Amino acid sequence: MAIRTILIYPNEKLRIKAEPVPIKKISSPKIQSIIDDMFETLYATRNGSGLAATQVAIPLRIFIIDISPNSDNPLCFINPEIIAKEGQTNKIEGCLSVPGGVQECVKRARRVVLKAFDRYGKPLEVTEEKNFYARCFQHEIDHLDGKLFIDHLVGLARRRADRRISRWHKLHRHAN
Ligand code: NI
């Protein structure tokens, strides 16, 4: 297993639309080690709740989530699709690829039905409502489509985010 580098906005690889994983390849050592690396990378951040393969420069439709307090509930979703959504909520989000500690409210569907495969190739269908999972699913699928949560921001919130991001880049210019 290895910790992968998380791409930081505005890296253009974050804009790539990821390709589906061929179902027969899910159990392959290559895909399994990508998933293991993603978990190792997520846990190494200590504060992340989810990670999309796009964020570690792998253009495949895979995302992982662990929002348990002890990091012992690893969930992996392959070729995820939201097949139904309903309602709206507006809550705070952040992202490991968006620097500067940017946290802003984003409007998301309140209820989603997610179809995907797990890391063993088993089909899943999950319904989540009014919880952090519902929000995470939408945030991570956005990543797989080359979108970031800051793309949803307008006006003052967007300007505030841009300011924090450029301040971060100025401070880290020599480190990168
Ligand atoms: Ni993110």
Side-chain angles (χ1 to χ4, degrees), residues 2-21 34-69 71 73-82 85 88-112 114-116 118-119 126 128 130-154 157-169 172 176:
I3 295 174
R4 308 249 182 161
T5 304
I6 297 176
L7 302 178
I8 299 296
Y9 172 84
N11 191 304
E12 61 197 29
K13 286 187 185 152
L14 290 168
R15 298 306 185 181
I16 295 173
K17 190 172 159 65
E19 295 292 329
V21 180
I34 287 171
I35 296 166
D36 288 340
D37 285 359
M38 286 174 68
F39 277 113
E40 198 176 347
T41 306
L42 177 67
Y43 292 139
T45 69
R46 304 205 160 263
N47 59 355
S49 28
L51 187 71
T54 312
Q55 292 177 276
V56 289
I58 295 163
L60 290 174
R61 301 190 79 78
I62 304 171
F63 75 80
I64 60 163
I65 288 180
D66 192 339
I67 58 177
S68 64
S71 300
N73 187 24
L75 301 174
C76 175
F77 301 92
I78 298 171
N79 301 347
E81 256 179 279
I82 288 175
K85 56 176 155 183
Q88 198 182 70
T89 66
N90 195 25
K91 291 224 170 88
I92 288 275
E93 281 182 33
C95 178
L96 294 169
S97 291
V98 176
V102 174
Q103 290 200 313
E104 295 288 346
C105 282
V106 180
K107 283 185 189 135
R108 301 278 189 192
R110 183 173 44 82
R111 176 179 184 271
V112 299
L114 181 88
K115 224 176 95 175
D118 71 8
R119 68 177 297 170
V126 197
E128 297 289 349
K130 286 196 265 183
N131 59 28
F132 194 48
Y133 280 116
R135 179 163 292 275
C136 285
F137 290 167
Q138 296 170 76
H139 178 114
E140 301 307 334
I141 289 178
D142 265 3
H143 275 304
L144 302 179
D145 291 328
K147 257 191 259 167
L148 294 165
F149 85 98
I150 49 173
D151 301 346
H152 295 278
L153 305 178
V154 291
R158 176 72 216 210
R159 288 198 295 279
R160 190 163 52 217
D162 286 340
R163 227 169 24 238
R164 290 204 171 142
I165 292 165
S166 58
R167 204 180 303 145
W168 185 92
H169 278 292
H172 291 78
N176 284 338

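In each ligand, atom 1 is the first atom listed, and ligand 1 is the first ligand listed. Note that the coordinates shown come from a computational prediction; the quantities given were computed from them, not determined experimentally.
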Taking the side chain as every heavy atom from C-beta outward, state whether [X] and [Y] have any pair of such atoms under 4.5 Å apart.
| X | Y | answer |
| --- | --- | --- |
| Arg4 | Ile58 | yes |
| Arg159 | Asp162 | no |
| Leu153 | Arg160 | no |
| Val102 | Trp168 | no |

Handout entry: Identified salt bridge (Lys or Arg N to Asp or Glu O under 4.0 Å) partner of Asp142 from the options Arg108, Lys17, Arg135
Key =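 Checked Arg108, Lys17, Arg135 against Asp142; only one passes salt bridge (Lys or Arg N to Asp or Glu O under 4.0 Å): Arg108.
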Practice task
State which residue, out of Gln103, Glu104, His139, fulfils the side-chain contact (heavy atoms from CB on, under 4.5 Å) condition with Glu93.
Solution key: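 It is His139; the other options fail the test.
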Practice task
Everything protein-side that's N, O or S and under 2.8 Å from the Ni ion (ligand 1): list it, residue and atom.
Solution key: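 The answer is Cys95 SG, His139 NE2, His143 NE2.
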